[in-house]
Amino acid sequence: QVHLVESGGGSVQAGGSLRLSCVASASTRSCMGWFRQAPGKEREGVAKMDRLGGTYYTDSVKGRFTISRDNANDTLYLQMNNLKPEDTANYYCAAEAAGCPLVDPDYWGKGTLVTISS
């Protein structure tokens, strides 16, 4: 059982940056990623990293967000630059036990709120 705890959310103005962290309870080579859900909208995948370090980003964040993983500290990061008001959402860390579709993850954090003002 993997427990995930996010941190780093907050309120910043458009154009600013935030770095989200997700600490895992145990060492893992899981497929991991970040999701977000804005008020009144469906959950969407933001970024993921597969078990070999390959990365994927949804189109709206390409060039602005970077996902990375520190295996020594069992921590996943999401560096978010040039933030826009439409990035406002609750951000969730997630992991999958087998494979890496990361459509219906096995493990979820409780979320961290990111609010971007215009």
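When a residue number appears, it is its place in the shown sequence, counting from 1. Because the structure is a prediction, the values reported are computed rather than measured.
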* To do: Please report the shortest heavy-atom distance between Arg51 and Arg69, naming the atom on each side.
  => O-NH2, 3.9 Å
* Which atom pair, heavy atoms only, marks the closest approach of Ala95 to Pro105? -> O-CB, 3.6 Å
Interatomic distance, [X] atom [atom1] to [Y] atom [atom2] [nearest 0.5 angstrom]:
| X | Y | atom1 | atom2 | result |
| --- | --- | --- | --- | --- |
| Tyr92 | Glu6 | OH | CD | 8.5 Å |
| Leu83 | Thr115 | CG | OG1 | 11.0 Å |
| Ser60 | Asp87 | OG | CG | 7.0 Å |

* Asked: Can any side-chain N or O of Glu96 pair as donor or acceptor with the backbone N or O of Leu102 at less than 3.5 Å?
  -> yes
* To do: Please confirm whether the backbone N or O of Ala97 pairs with a side-chain atom of Asp106, one donor and one acceptor, at under 3.5 Å?
  => yes
Within-4.5 Å side-chain heavy-atom neighbours: [X] and [Y]:
| X | Y | result |
| --- | --- | --- |
| Tyr57 | Thr66 | yes |
| Met32 | Met49 | no |
| Cys93 | Trp34 | yes |

* Quick one: sort the Phe65 and Tyr91 rings into parallel, tilted or perpendicular, breaks at 30° and 60°. => tilted
* To do: Considering only NZ, NE, NH1 and NH2 on the basic side and carboxylate oxygens on the acidic side, decide whether Asp59 and Lys62 come within less than 4.0 Å.
  => yes
* Under 4.5 Å between side-chain heavy atoms, hopping through other hydrophobics if needed: is there a path connecting Leu76 to Val2? -> yes
